[in-house]
Chemist: 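Dumping the structure here so I can ask a few things about it.
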Amino acid sequence: MAAPVVTCTCRICSKARVTLERIFNVLDTYGWLLDSYVVDFFQEQLWERLPSSWRTDLQTVSPDEFGKWLAGDISCSRVWPLSLLALRQVARDLQLKRDHQNDEGAWRCDGGGKSESNSENFVLENKNVGLRDSPNKKHNNLFLKHVKIKKRHEIQQIARRFYIFFTQICADCAQESSAKCIVDVGAGVGHLARSLAFKYGLHVTCIEQDALLSQQARKWDNELLVSLSKRLPDLQVDMPRHVSIKLESTNSDLSGTITEDIGRIFSDNFNLNGQKSGFGIAGLHPCGDLAATLLRLYTSRCDARFICIVGCCYMKLTLENSADVSNGYPLSKYLSSFAKHKLSYTALEVACHAIESYCDKLKTGNYEDLIVHAYRAALETILIKRNSQLRHSQVRNVKVTRSVTFEQYCTAATAGFEPNLRPEDSDLQNPQIKSYLNQWRQIVIFGALRTMLAPLVETVVLLDRFLYLSEGNLSPILKPVFDPRLSPRNFLLSSMKNAE
């Protein structure tokens with residue numbers, strides 16, 4: 001049964017509620033930027049909706065200059081509209097700080113439970129920890145086989161965090177409720193699980209809905225075991241266990257079903273009693289509603305000792321309750337009762353991109369491929385003119401380089417359309433279309449304005465989850481742990497339960 005709802009009055013939770021209120025006050029005025037579809041740039045004359053003072057200056061600003069200004073480069077000497085400067089500043093002040101190397105970005109509920117600072121000073125006294133204490137560092141390279149650079153960074157960071165949280169849980173729960181197993185949800189091909197099982201000697205259960213990914217994970221588990229056994233013949237490790245099921249948040253007793261399956265895996269494969277040993281929940285980028293499902297599971301099960309997740313794909317969140325599905329946003333009672341909590345699909349989608357990478361792209365002048373947005377917006381006007389029902393139609397993704405013309409783009413993008421619905425030469429040669437294409441830099445800057453506000457949307461989603469845990473008296477911690485340029489969704493939300 002879920003913990004009773006409490007209203008934490010600690011400084012951080014109070015700050016979270018005030019921050020949410022202020023963000024929605026900003027979105028009352030400028031939220032239309034996030035709610036707009038860039039494909040409608042010409043159709044709905046989005047540039048004309050900007051304040052006139054902005055348009056006057058932005059009309060003559062190059063994307064690289066705007067990228068520098070957006071990134072806070074002090075070399076920008078242009079006199080900007082005061083309201084635009086104010087918006088940039090308030091967006092910076094209200095958003096979660098994304099610098100993973102600065103602890104100022106951490107939010108810790110002080111309402112109860114143990115703080116992370118204590119857990120970082122605690123050392124797990126467990127001699128059966130796989131390769132953690134192996135002096136031969138070259139074995140670590142074996143774990144990086146098949147792993148892309150971006151994923152390597154995430155795994156190394158989150159594995160360290162799991163170790164910190166897991167050791168503290170073991171200390172708190174002591175002998176009667178030590179969390180001996182980690183459930184890796186959305187495990188994919190098992191990169192994280194292999195690191196936790198082989199390097200740290202943990203019992204890892206992987207849940208992945210794609211059976212082919214689970215099959216590949218088992219193959220790579222065995223490959224790693226063979227490679228390590230040749231170098232360390234006495235190595236003893238419990239292999240990760242992989243289960244192919246789909247977790248969905250419905251009105252049925254989801255938590256009971258999941259934990260029955262997990263308990264059976266504990267018993268059959270690790271000789272552990274799930275209720276007595278407890279388990280932690282790990283999710284490296286659980287997509288959309290899956291993050292909310294894991295949070296509900298954590299709050300509803302006493303044997304779920306901790307949770308450690310980095311969410312993603314916010315645009316896939318269920319925003320309204322239905323008969324069969326619980327909403328993925330909002331989760332907290334505070335935001336659910338807050339009149340201005342609505343977020344659109346487009347706002348959530350743009351929140352999944354890294355403002356740092358966008359600014360880098362603009363600052364370096366490496367933005368010519370962004371002309372694809374002008375191509376798509378111009379194509380939209382053609383499609384609507386041919387048939388109004390084609391508005392927002394799905395077209396094929398086309399990689400645009402400097403040499404790709406608008407005509408070539410349209411041909412490739414609409415290749416799956418009926419012949420009578422595809423653009424004709426007369427459409428492509430229309431002087432109005434040529435005028436639209438000449439405005440492509442305005443679309444780039446318009447996209448940059450949306451990106452400037454995007455961190456506010458992510459802040460709303462994450463603080464909602466933070467308060468949800470706080471309302472369950474579960475002392476959440478929210479902090480950036482990855483380089484946002486390598487992993488745009490770089491915030492880790494974690495919580496540990498006190499010993500019973």
Side-chain angles (χ1 to χ4, degrees), residues 22-95 340 342-347 349-351 353 355 358-359 361-363 365 367-368 370-382 384-385 391-392 430-457 460:
R22 290 177 176 173
I23 287 176
F24 280 106
N25 286 337
V26 173
L27 296 182
D28 276 347
T29 302
Y30 296 105
W32 71 269
L33 284 163
L34 294 165
D35 297 338
S36 300
Y37 286 89
V38 177
V39 297
D40 293 329
F41 186 81
F42 303 119
Q43 187 69 25
E44 296 188 359
Q45 299 182 324
L46 296 179
W47 187 260
E48 298 303 315
R49 293 185 62 184
L50 295 174
S52 59
S53 62
W54 295 15
R55 296 199 307 270
T56 300
D57 283 292
L58 297 180
Q59 189 76 31
T60 59
V61 172
S62 64
D64 51 333
E65 181 184 3
F66 194 75
K68 292 177 181 178
W69 174 80
L70 191 58
D73 191 329
I74 60 174
S75 66
C76 297
S77 58
R78 179 183 293 267
V79 178
W80 300 88
L82 183 58
S83 59
L84 184 57
L85 287 168
L87 181 59
R88 182 186 66 170
Q89 188 59 49
V90 76
R92 288 179 176 178
D93 291 344
L94 293 177
Q95 68 184 254
K340 300 180 294 186
K342 302 293 185 182
L343 294 174
S344 67
Y345 173 91
T346 54
E349 193 279 332
V350 75
H353 301 282
I355 185 173
Y358 199 88
C359 288
K361 194 177 188 70
L362 298 187
K363 288 191 299 181
Y367 51 78
E368 288 197 350
L370 296 179
I371 197 174
V372 68
H373 297 301
Y375 282 180
R376 179 63 185 89
L379 174 59
E380 182 76 0
T381 66
I382 294 174
I384 292 175
K385 185 176 179 180
R391 184 176 187 183
H392 295 172
N430 187 318
Q432 183 66 65
I433 295 298
K434 294 183 181 297
S435 173
Y436 287 159
L437 298 179
N438 288 332
Q439 300 175 47
W440 72 274
R441 289 178 180 81
Q442 293 180 5
I443 290 188
V444 171
I445 291 177
F446 186 83
L449 289 171
R450 300 175 77 234
T451 303
M452 179 175 70
L453 296 177
L456 296 180
V457 178
V460 168

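The figures here come from the full heavy-atom set of this structure, side chains too, leaving out hydrogens, waters and symmetry mates. Every value quoted in this text rests on a predicted model; they were computed, and no experiment measured them.
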Chemist: Return the minimal non-hydrogen interatomic distance between I443 and A374, and the atom names on each side.
Modeler: CD1-CA, 3.5 Å
Chemist: Answer yes or no: is there a side-chain heavy-atom contact under 4.5 Å between L34 and L343?
Modeler: no
Chemist: Mind checking whether D35 and L27 have side chains closer than 4.5 Å, heavy atoms only?
Modeler: no
Chemist: Rounded to the nearest 0.5 Å, what separation is found between the CG atom of L82 and the CG atom of L87?
Modeler: 11.5 Å
Chemist: Hey, could you give me the CZ/CG distance between R22 and L94, rounded to the nearest 0.5 Å?
Modeler: 7.0 Å
Chemist: Please find the pair of heavy atoms, one from P63 and one from V444, that lie closest to each other, and give the distance.
Modeler: CB-CG1, 3.9 Å
Chemist: With W69, which of R78, R88, K363 fulfils side-chain contact (heavy atoms from CB on, under 4.5 Å)?
Modeler: R88
Chemist: Can you list the steps and then say if L50 with L449 is a side chain to side chain contact (heavy atoms under 4.5 Å, CB included)?
Modeler: CA-CA 10 Å; L50 295 174; L449 289 171; 3.9 Å; yes
Chemist: Salt-bridged, R441 to E65, with N to O below 4.0 Å?
Modeler: no
Chemist: A side-chain contact here means heavy atoms from C-beta on lying under 4.5 Å apart; do D57 and L84 qualify?
Modeler: no
Chemist: Answer yes or no: are there more than 12 heavy-atom neighbours, outside K340 itself, under 6.0 Å from its atom NZ?
Modeler: yes
Chemist: Can you find a pair of side-chain heavy atoms, one from M452 and one from L33, that are under 4.5 Å apart?
Modeler: no
Chemist: Does the side chain of F24 come within less than 4.5 Å of L456's, by heavy atoms?
Modeler: no
Chemist: Is atom CD of Q45 surrounded by more than 12 heavy atoms (other residues, nucleotides or ligands) closer than 6.0 Å?
Modeler: no
Chemist: Can you tell me how far the CG atom of L453 sits from the OH atom of Y30, to the nearest 0.5 Å?
Modeler: 9.0 Å
Chemist: Hey, could you give me the CG/CD distance between L370 and E368, rounded to the nearest 0.5 Å?
Modeler: 9.5 Å
Chemist: To the nearest 0.5 Å, tell me how far S62 OG sits from L362 CG.
Modeler: 9.5 Å
Chemist: I'd like to check Y345 versus Y37 (side-chain heavy atoms, cut-off strictly below 4.5 Å). Are they in contact?
Modeler: yes
Chemist: Yes or no on side chain to side chain contact (heavy atoms under 4.5 Å, CB included) for Y358 and Y367, after CA distance, side-chain angles and deciding distance?
Modeler: CA-CA 9 Å; Y358 199 88; Y367 51 78; over 6 Å; no
Chemist: Listed by chain and number, what are the ring-ring contact (aromatic ring centres under 6.0 Å, His included) partners of F42, not counting sequence neighbours?
Modeler: Y436
Chemist: Could you walk me through whether W32 and R49 pass side chain to side chain contact (heavy atoms under 4.5 Å, CB included), step by step?
Modeler: CA-CA 9 Å; W32 71 269; R49 293 185 62 184; 3.5 Å; yes
Chemist: Is the backbone of H392 close enough, under 3.5 Å, to the side chain of E380 for a donor and an acceptor to pair up by distance?
Modeler: yes
Chemist: With distance as the sole test, does T56 use its side chain to make a donor-acceptor pair with the main-chain N or O of S52 at under 3.5 Å?
Modeler: yes
Chemist: Which pair of non-hydrogen atoms, one from I433 and one from A378, has the smallest distance, and what is that distance?
Modeler: CD1-O, 3.9 Å
Chemist: Is there a side chain to side chain contact (heavy atoms under 4.5 Å, CB included) between L58 and W47? Walk through the geometry before answering.
Modeler: CA-CA 10 Å; L58 297 180; W47 187 260; 3.6 Å; yes
Chemist: Could you tell me whether the side chain of V38 reaches within less than 4.5 Å of the side chain of R450, counting heavy atoms only?
Modeler: yes
Chemist: Atom NZ in K361, atom OG1 in T451: separation rounded to 0.5 Å?
Modeler: 12.0 Å
Chemist: Below 4.5 Å, heavy atoms only, C-beta onward: do F41 and T381 meet side chain to side chain?
Modeler: no
Chemist: On a heavy-atom basis, which atom in A351 and which in A454 lie closest, and how many Å separate them?
Modeler: CB-O, 3.7 Å
